[in-house]
Number of protein chains: 2
Amino acid sequence: MNEVTLVVLATVSVALGLRVAAAAGWRKGRRKVGSPLPRESKCIYLDYAATCPIYADCADAMVPYLYSHWGNPSSGHAYGGPCRDAVAAARESIRALLNARDSSEIVWCSCGSEADNWALVGSLRARRPSRRHVVVSTIEHPAILACVDALVAAGECVATKVGCDGAGLVSARDVAAAVRPGETAVVSIMLANNEVGAVQDVGAVCRAVRAVDPEAWVHTDAAQAVGKIDVDVQALGVDMLTVVGHKFGAPKGVAALYTRRDLPNMLLGGGQERGRRAGTEAVPNLVAMGEAARVWLEQGPEIRAHSERMRDRLRRRLETKLADLETAVNGPLGAKEFSHAALPNVLSFSVNGIRAFEVLGDLRDTVAASASAACHTGSTSVSAVLEAIQVPTPYAIGTLRLSVGRHTTASEVDRAADLIAEAVRAHYTNKRD
Amino acid sequence: MNEVTLVVLATVSVALGLRVAAAAGWRKGRRKVGSPLPRESKCIYLDYAATCPIYADCADAMVPYLYSHWGNPSSGHAYGGPCRDAVAAARESIRALLNARDSSEIVWCSCGSEADNWALVGSLRARRPSRRHVVVSTIEHPAILACVDALVAAGECVATKVGCDGAGLVSARDVAAAVRPGETAVVSIMLANNEVGAVQDVGAVCRAVRAVDPEAWVHTDAAQAVGKIDVDVQALGVDMLTVVGHKFGAPKGVAALYTRRDLPNMLLGGGQERGRRAGTEAVPNLVAMGEAARVWLEQGPEIRAHSERMRDRLRRRLETKLADLETAVNGPLGAKEFSHAALPNVLSFSVNGIRAFEVLGDLRDTVAASASAACHTGSTSVSAVLEAIQVPTPYAIGTLRLSVGRHTTASEVDRAADLIAEAVRAHYTNKRD
């Protein structure tokens with residue numbers, strides 16, 4: 001064996017070892033904003049609003065809690081401590097993320113639906129029987145609307161649903177007008193809408209509601225807002241806020257309810273969460289959600305600016321490529337005077353004369369996007385949100401929701417716009433035949 | 001550079017690469033029953049009943065769903081499919097594990113408490129208003145007992161609690177006698193007790209209940225049974241069964257309710273789980289729980305036999321080492337005529353004249369075990385289960401719950417028994433001073 005052979009052998013060995021390590025997910029340190037997505041699919045991901053890719057930072061943080069620290073946080077022995085500490089650290093990260101006063105105001109939940117349901121059911125059960133009225137908007141997530149409808153059907157409350165304007169914005173004055181002093185238990189207005197990216201002025205909602213009834217509680221579903229814009233519960237003045245892990249870098253299966261009110265339990269059993277939510281803590285998921293909070297705390301302004309750049313680039317290229325067709329941008333972004341009230345990462349883009357789900361069908365393996373909220377997929381009815389903001393039906397049927405994020409790259413955006421434009425033309429032409 | 005140097009360099013490089021890969025959790029294939037636990041702590045783990053270590057097989061199965069397949073299973077594009085398929089495969093594994101007729105009878109939940117609560121609340125809401133009676137045992141988990149108590153306090157049901165004998169066994173005849181024909185909505189009797197390992201004859205309970213009222217539904221909390229003994233919903237004849245991921249190798253934060261009844265939702269929102277449980281599916285956790293099911297399907301008899309050997313070895317060594325003290329084994333294992341009704345992996349061992357939590361305090365960093373159920377830790381009151389089976393108070397205070405499993409080794413058992421015996425003597429002697 002000569003020297004050259006051995007040098008080659010050594011090099012190959014090192015490369016192989018590192019390759020194996022990389023395949024096992026061994027990477028270190030904070031990922032860069034704008035770095036390409038770690039993924040196997042070649043499909044360009046423009047569906048951050050359906051679910052945010054699990055940040056590799058968060059996955060890395062979980063791994064030790066899968067392979068080594070798998071103890072029960074309630075255990076008094078050596079296996080309990082590291083898990084208890086990890087849960088406390090994650091809770092503190094969420095507290096910092098939301099600027100809550102105390103980490104005891106953060107209660108872990110398994111998903112946004114649980115947190116939303118609990119905010120409503122808990123608020124009703126916590127109040128005097130005379131407070132049985134609920135105010136929500138017509139563009140809330142089904143986790144609010146379906147829950148309100150069920151509570152109304154069961155005779156547990158009455159509800160008023162407040163509409164929005166053409167940009168998807170809910171008026172604080174309208175919400176306050178719906179409040180019934182002495183009767184309203186809770187008002188729930190989402191912080192950012194999942195389909196058109198309208199960011200509500202929940203601070204104004206809180207002030208307006210309290211001017212009418214200082215004892216009405218206010219909840220906001222911030223599922224789509226956290227990890228996209230800064231969310232500060234003190235500045236908003238809300239009593240309760242829902243934050244959902246998989247919308248900003250953690251895996252699916254973890255969420256939290258910020259609450260500065262004592263809510264009766266929805267889940268009963270052991271004494272976890274200081275007696276407020278039974279169930280052994282989902283340690284790896286909580287660790288990941290804490291890490292997602294730290295990603296935002298460290299990179300928030302950068303992620304926001306990057307998302308805006310990518311969204312605007314996508315919009316410009318689509319508008320240029322499809323300049324001869326009838327297109328529209330929905331929500332605040334489509335109305336210059338309200339564009340400050342738009343999420344940085346969502347583009348609701350309509351083309352008159354196509355069916356969005358057919359276009360997305362063609363793009364299934366090349367560009368990932370939604371025809372409406374992910375949980376509506378399969379249904380061909382026009383989305384309730386687009387109806388609420390009075391998008392004309394042909395435009396609503398031709399609406400793509402494109403959402404970008406931390407790992408979207410400029411070349412992906414360009415390529416996606418070209419592919420979308422091509423698919424749109426194919427279907428547009430077909431319709432004209 | 002000579003040849004030797006280069007050979008050494010190549011060897012070191014390969015070793016380093018593999019070491020890094022190993023540190024990142026890169027291992028392949030089914031782990032062996034009786035192989036040592038992958039863990040960082042030197043503390044011997046005898047607390048499988050509090051939480052089972054996450055099987056490395058399950059963690060491995062999750063990794064691709066953290067780093068690559070993080071899509072929303074509801075998405076119609078390329079990122080949805082692999083996740084949808086993974087959720088379906090995991091559901092099918094749980095179906096096979098429980099011998100359910102159809103995988104649609106398996107509904108994912110976030111924890112055992114949610115599944116238990118849902119079985120009770122859902123059964124009550126599903127039935128005619130005349131069926132408002134519930135039967136449970138006095139030794140159920142708090143996820144059943146606290147929920148029943150809350151429902152009774154809210155006036156939503158009345159409840160009868162059935163006791164057990166000195167071995168911790170609930171009589172099917174007693175349960176049937178508590179049923180009120182035409183009034184009982186649901187009977188909930190746990191399959192295996194978490195503190196003394198008593199395995200109830202739930203099949204006999206079902207038959208006895210149905211002889212009195214064919215329309216009373218039967219639920220069993222199988223949290224401690226699945227992954228320790230075979231559980232077959234057809235053989236048991238139950239309507240609903242709770243299975244909890246972290247008790248048999250999956251991470252905390254995932255469970256399922258087997259149900260062949262239509263239960264109204266507890267969580268409302270999106271249309272996931274065919275409309276029965278809202279919330280985006282916790283894909284990595286579901287994948288892990290599916291893998292845990294496959295581990296049992298492949299290694300069940302071996303895991304059971306290994307656990308029994310380890311438990312019996314532990315018992316013999318403790319009894320030998322402490323032969324001069326007053327000791328007792330609680331539950332069916334302590335009563336020869338009932339020992340067939342004991343879980344293979346739990347040893348509830350009492351010493352008259354010690355305080356178990358003091359002994360465990362000494363052993364904090366060397367032997368991990370419980371003084372009673374983990375969720376009671378910190379409380380010094382005698383456990384309700386030990387009270388129900390009438391363990392004399394000094395013995396109850398001196399009770400250690402030692403639980404073994406798939407990765408317990410003989411040398412760990414021997415060392416743990418020696419350490420426990422030593423700590424017991426230290427405290428026993430102190431008391432006599």
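Hydrogens, waters and symmetry mates are skipped; everything else that's a heavy atom, side chains included, is used. Below, chain A is the first sequence line, B the second, and so on; all start at residue 1.
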For the interface with chain B, which of [options] has the highest count of heavy-atom pairs at distances below 4.5 Å?
| options | result |
| --- | --- |
| A/A369, A/A150, A/G81 | A/A369 |
| A/P284, A/G361, A/A278, A/P264 | A/A278 |
| A/A154, A/C52, A/A282, A/G253 | A/A282 |

Does [X] reach the side chain of [Y], with side-chain heavy atoms less than 4.5 Å apart?
| X | Y | value |
| --- | --- | --- |
| A/L66 | B/Y55 | no |
| A/C83 | B/K252 | no |
| B/D47 | A/H77 | yes |
| B/C111 | A/L267 | yes |

Looking at [options], which one has more heavy-atom pairs under 4.5 Å with chain A than the rest?
| options | result |
| --- | --- |
| B/P251, B/A146, B/G112 | B/A146 |
| B/P73, B/G245, B/C58, B/G71 | B/G71 |
| B/N265, B/T280, B/N285 | B/T280 |

(message) Given 3.5 Å as the limit, does a donor-acceptor pair link the side chain of B/Y67 with the main chain of A/D60, or not?
(response) yes
(message) Between A/N72 and B/T51 (side chain of the first, backbone of the second, donor and acceptor by atom type, cut-off under 3.5 Å), is there such a pair?
(response)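 Judged by distance alone, no pair lies under 3.5 Å.
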Is it the side chain or the backbone of [X] that comes within 4.5 Å of chain B heavy atoms, both, or neither?
| X | answer |
| --- | --- |
| A/E114 | both |
| A/M62 | side chain |
| A/N117 | side chain |
| A/P53 | both |

(request) Identify the two heavy atoms, one from A/S75 and one from B/A50, that lie closest to each other, and give their separation to 0.1 Å. (result) OG-CB, 4.2 Å
(request) Quick one: list whatever passes side chain to side chain contact (heavy atoms under 4.5 Å, CB included) with A/R364, sequence neighbours left out. (result) none
(request) With a 4.5 angstrom heavy-atom cut-off, could you sort out which part of B/D365 is near chain A: side chain, backbone, both or neither? (result)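 Both backbone and side chain.
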(message) Please enumerate all residues that pass ring-ring contact (aromatic ring centres under 6.0 Å, His included) together with B/Y65, with sequence neighbours excluded.
(response)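 Result, ring-ring contact (aromatic ring centres under 6.0 Å, His included) vs B/Y65: B/H69.
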(message) Between A/W70 and B/Y45, is the ring centroid distance below 6.0 Å?
(response)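 Centroid separation for A/W70 and B/Y45: below 6.0 Å.
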